[in-house]
Number of protein chains: 2
Amino acid sequence: MKKKRPSLRDIAEVLNVSTTTVSFVLNGKGEEKKISKQLIERVENYLKEIDYKPNLIARSLRTGNSHIIVFMVEDVSNHFFSKVGRIIEDISYKHDYRVLFCSTENDAKRTREHIEVFKERQVDGFIIVPPPGIKEAVEDLQQNGTPVVLFDRKIEGIEIDSVLLNNYEGSRNATLHLIEQGFKNIAFITIDLNQNQMLDRLAGYRATVKEAGLTEYILTLPYDPDRASDSRKKIQEFIAAHPQLDSIFFATNYLSQSGLKTLHQIDSNLVSNLGIISFDDSYFFEMYAPTISAYAQPIELMAKELMRLMLDRIQKKNEALNVEEVNLDGELIIRESSLKKYTRL
Amino acid sequence: MKKKRPSLRDIAEVLNVSTTTVSFVLNGKGEEKKISKQLIERVENYLKEIDYKPNLIARSLRTGNSHIIVFMVEDVSNHFFSKVGRIIEDISYKHDYRVLFCSTENDAKRTREHIEVFKERQVDGFIIVPPPGIKEAVEDLQQNGTPVVLFDRKIEGIEIDSVLLNNYEGSRNATLHLIEQGFKNIAFITIDLNQNQMLDRLAGYRATVKEAGLTEYILTLPYDPDRASDSRKKIQEFIAAHPQLDSIFFATNYLSQSGLKTLHQIDSNLVSNLGIISFDDSYFFEMYAPTISAYAQPIELMAKELMRLMLDRIQKKNEALNVEEVNLDGELIIRESSLKKYTRL
DNA sequence: TTGAAAGCGCTAACAA
DNA sequence: TTGTTAGCGCTTTCAA
């Protein structure tokens, strides 16, 4: 049933040349290795004729690389990560790399297991959104000389290429925007995740509110996504306890989404009457009524920077390179929800 | 810098046994091959001690398989596909397979290229959402004995395992529901994609409307996503031309999304006054005001069926199996938007 | 019950 | 300018 594909050796035999010759021509090293024009042409023609495809596994075994890049994120089906992944896939494809997506679930053990397997599969590089507790595994990769680029989050106490969002600035901008629109009692709703990107956002909010002489109102919800109804109750209580609130800043887009739903359930006018802004954009914010303002992460730029670093590191694998920490700014997208309200103010 | 990992041979030398022995023990074939208990134990202990990880590439080269499954969809960042992919990833992980996600962009050439590369990489199976024009490539894989399971769409004139949605029934159910709620002038908005899943949905709508003695109103929009503004205009004209419409059935979730936005722009009361239902659910439908009814695809079940077939085919690679076409039913999720309206009727 | 050795298909150092 | 050949690390047949 399975017709065996011809191997290099088969080809060499048919053409009556050595496998070396075929290999060199195949890899475009014909000229460099001073193989005659005619021979090159003859080989190339034959390769084309039989539409020869080399066995990539054999090549990997020999060369030690695989032209595969791993993209490890918390959840590949998360909108933000999947969009970034999509662009990474495209850039990789153009450079003849493939991308293995995988979900860490923010779990260190699972992540370490994945890393082990991929290492044994000779993947050429890792782009990782690091869960807590994988510092050693990452250092190990670095020791090994495997390119690693961190994304979205840092690991403290380790020198490593990273592409990050300037969370503090973003949070500050969003808060400032609300203040400029005349909001005085701005709530910040976040999750109790002890990770620097969330802490920076909180810090940005607090500093800005304080600077403006306003009071801070902070609600911290449990991270556990299974306890959505708990969160709903907490939001409801929070709103009830602070009737003076005129606006809400959600620290991440899935909070905004569930938050909007909750607000709507509490009182269908609430969403229109409160100033609302979200950290992280969502494609549904512009279809909502009112449309929801957001501080958007620069998805395309992030993907490009990740791949720029990755391809560079792969190429210059044996040179010592300066570690780069790329801090990108997002963009404040002002829609209806964060504009001055006349109904309530 | 790179400390070389120990190979099977190294281990054999250290233990003063043959590589065969180590290999057998490593693969749990010790007993079967009648290696003595003590030896097995000695080898196992050493393997554990040095935390030996075999080189998976070498193994692949030798065995001809890779424990990698490819999941090819139109766009990996599409909500529906990424959710299915996420579950497939999980199931695979439990069976010690990894998943290579890749986007076809519904383009035959790109898809064929991907298939070629993956074939040379010895992937163990393909789950494919087939774009038009890849029938031959798929048949080729089948010839090769590589497991292929189609998802979401069929390829006409080819016997192949597939997991599909029962589009006709789904469309019928959604239409019936609107009729039961008292809607009389139901529009069907679709895209001009000549693929059977879309045609079945259209057919389901038409048959049901006809059966109920109602008039059909069909708007077909161009597929090209770049021409969103065109679509908006067409929707607007369509609504204007048929003031008697009391409800709209969108044939796919991204149509619903852009459609809702358009409706809202035309007249902010329109969304509340029309009956609305969407083929395909979206997580944002339940946050919208009003919440949007939908015929939801059974994401988890689909992923499970895909993997059931895939793992089965991989395992029984050399047996002739009956082709299975799994047709799944979705679920009608009734929310506010499709309930009887009192404001307009 | 264990070991020797032949490959899987490719690359590249070395020889001719 | 081209060819010979030794591996890459593993599995598995055959021999001992």
Side-chain angles (χ1 to χ4, degrees), chain A residues 2-44 46-47 50 52-67 117 119-124, chain B residues 2-44 46-47 50 52-67 116-117 119-124 144:
Chain A
K2 288 186 239 179
K3 42 180 176 185
K4 208 176 89 321
R5 289 192 155 263
S7 72
L8 248 200
R9 212 233 228 42
D10 298 333
I11 292 173
E13 261 171 34
V14 171
L15 293 179
N16 243 315
V17 297
S18 75
T19 58
T20 316
T21 308
V22 182
S23 175
F24 283 156
V25 173
L26 181 64
N27 295 303
K29 294 186 188 165
E31 309 229 347
E32 179 188 328
K33 297 293 177 178
K34 316 211 178 204
I35 293 177
S36 68
K37 279 248 184 302
Q38 313 97 318
L39 223 194
I40 293 186
E41 206 168 315
R42 193 156 73 89
V43 175
E44 277 179 343
Y46 185 68
L47 291 179
I50 64 164
Y52 170 70
K53 308 281 182 202
N55 179 322
L56 266 16
I57 294 279
R59 179 179 284 173
S60 280
L61 179 60
R62 183 62 231 229
T63 61
N65 51 46
S66 59
H67 271 228
V117 172
K119 218 159 70 182
E120 295 318 317
R121 215 175 269 299
Q122 321 272 37
V123 304
D124 292 356
Chain B
K2 288 187 241 182
K3 40 179 178 183
K4 209 176 99 279
R5 289 192 154 262
S7 71
L8 249 200
R9 212 233 230 41
D10 298 333
I11 292 173
E13 262 170 32
V14 171
L15 293 179
N16 245 313
V17 297
S18 75
T19 58
T20 316
T21 307
V22 182
S23 174
F24 282 157
V25 173
L26 181 65
N27 294 305
K29 293 186 188 165
E31 310 228 347
E32 180 187 328
K33 298 292 179 179
K34 315 212 178 203
I35 292 176
S36 67
K37 279 249 185 301
Q38 312 98 317
L39 222 195
I40 293 186
E41 206 168 315
R42 193 156 74 90
V43 174
E44 276 179 345
Y46 186 69
L47 290 180
I50 65 165
Y52 171 70
K53 308 281 180 202
N55 179 322
L56 267 17
I57 294 281
R59 180 178 284 173
S60 280
L61 178 60
R62 185 59 231 234
T63 62
N65 51 46
S66 60
H67 272 229
E116 270 313 320
V117 171
K119 217 160 69 184
E120 295 319 317
R121 214 174 271 297
Q122 321 271 37
V123 304
D124 292 356
N144 246 307

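Bear in mind that the values here come from a model prediction, so they are computed numbers and not experimental data. Sequence lines set the chain letters: A, B, ... in the order given, protein chains first and strands last, and positions in each chain run from 1.
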[X] [atom1] to [N] [atom2]: how many Å, rounded?
X       : N      : atom1 : atom2 : answer
A/Arg9  : D/dA6  : CZ    : P     : 12 Å
A/Leu8  : C/dC10 : CG    : C1'   : 6 Å
A/Asp10 : C/dG9  : CG    : C1'   : 10 Å

*Looking only at atom types and distance, does a side-chain atom of B/Asn65 sit under 3.5 Å from a main-chain N or O of B/His67, one as donor and one as acceptor?*
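Judged by distance alone, no pair lies under 3.5 Å.
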The criterion is side-chain hydrogen bond (donor to acceptor under 3.5 Å, both in side chains); which residues satisfy it with [X], sequence neighbours excluded?
X        : value
A/Glu120 : B/Arg5
A/Lys53  : A/Asp51
B/Glu116 : B/Lys119

Looking across every strand, which nucleic acid part, if any, lies under 4.0 Å from [X] by heavy atom: base, sugar-phosphate, or nothing?
X       : result
B/Leu56 : nothing
B/Leu39 : sugar-phosphate
A/Asn65 : nothing

*For B/Tyr52 and B/Leu8, run side-chain contact (heavy atoms from CB on, under 4.5 Å): C-alpha distance rounded to whole Å, both residues' side-chain angles, the deciding distance at 0.1 Å, then the answer.*
CA-CA 9 Å; B/Tyr52 171 70; B/Leu8 249 200; 3.9 Å; yes
What does the list of N/O pairs under 3.5 Å between the protein and nucleotides 12-15 of chain C look like, with a distance for each?
unit_1: C/dA12; atom_1: OP2; unit_2: A/Lys29; atom_2: NZ; d: 2.8
unit_1: C/dA12; atom_1: N6; unit_2: A/Thr20; atom_2: OG1; d: 3.1

*Check whether any side-chain heavy atom of B/Leu56 sits under 4.5 Å from a side-chain heavy atom of B/Pro54, and report yes or no.*
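Heavy-atom side-chain distance check passes, below 4.5 Å.
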_First of B/Gln38 and B/Gln122 reached from the 5' end of DNA chain C, by closest nucleotide_ =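 The 5'-side residue here is B/Gln38.
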Phosphate-side-chain proximity, [X] and [N], N/O vs OP1/OP2 below 4.0 Å:
X       : N      : answer
B/Ser36 : C/dT2  : yes
B/Arg59 : D/dT11 : yes
B/Ser7  : D/dG9  : no
B/Ser18 : C/dA4  : no

*asked:* On a heavy-atom basis, which atom in B/Gln122 and which in B/Ser66 lie closest, and how many Å separate them?
replied: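 Looking at all heavy atoms of both residues, the closest pair is O-OG, 2.7 Å.
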*Have a look at the helix from C/dT1-D/dA16 to C/dA16-D/dT1 and give the angle its two end axes make, five pairs each, rounded to 10 degrees.*
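That helix has its two terminal axes inclined by roughly 50°.
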*List the steps, then state whether side-chain contact (heavy atoms from CB on, under 4.5 Å) holds for A/Leu47 with A/Val43.*
CA-CA 6 Å; A/Leu47 291 179; A/Val43 175; 4.0 Å; yes
Show me the donor-acceptor pairs, under 3.5 Å and distance only, between side chains in residues 11-19 of chain B and residues at least two apart or in other chains.
unit_1: B/Ser18; atom_1: OG; unit_2: B/Thr20; atom_2: N; d: 3.3
unit_1: B/Ser18; atom_1: OG; unit_2: B/Thr21; atom_2: N; d: 3.2
unit_1: B/Ser18; atom_1: OG; unit_2: B/Thr21; atom_2: OG1; d: 3.1

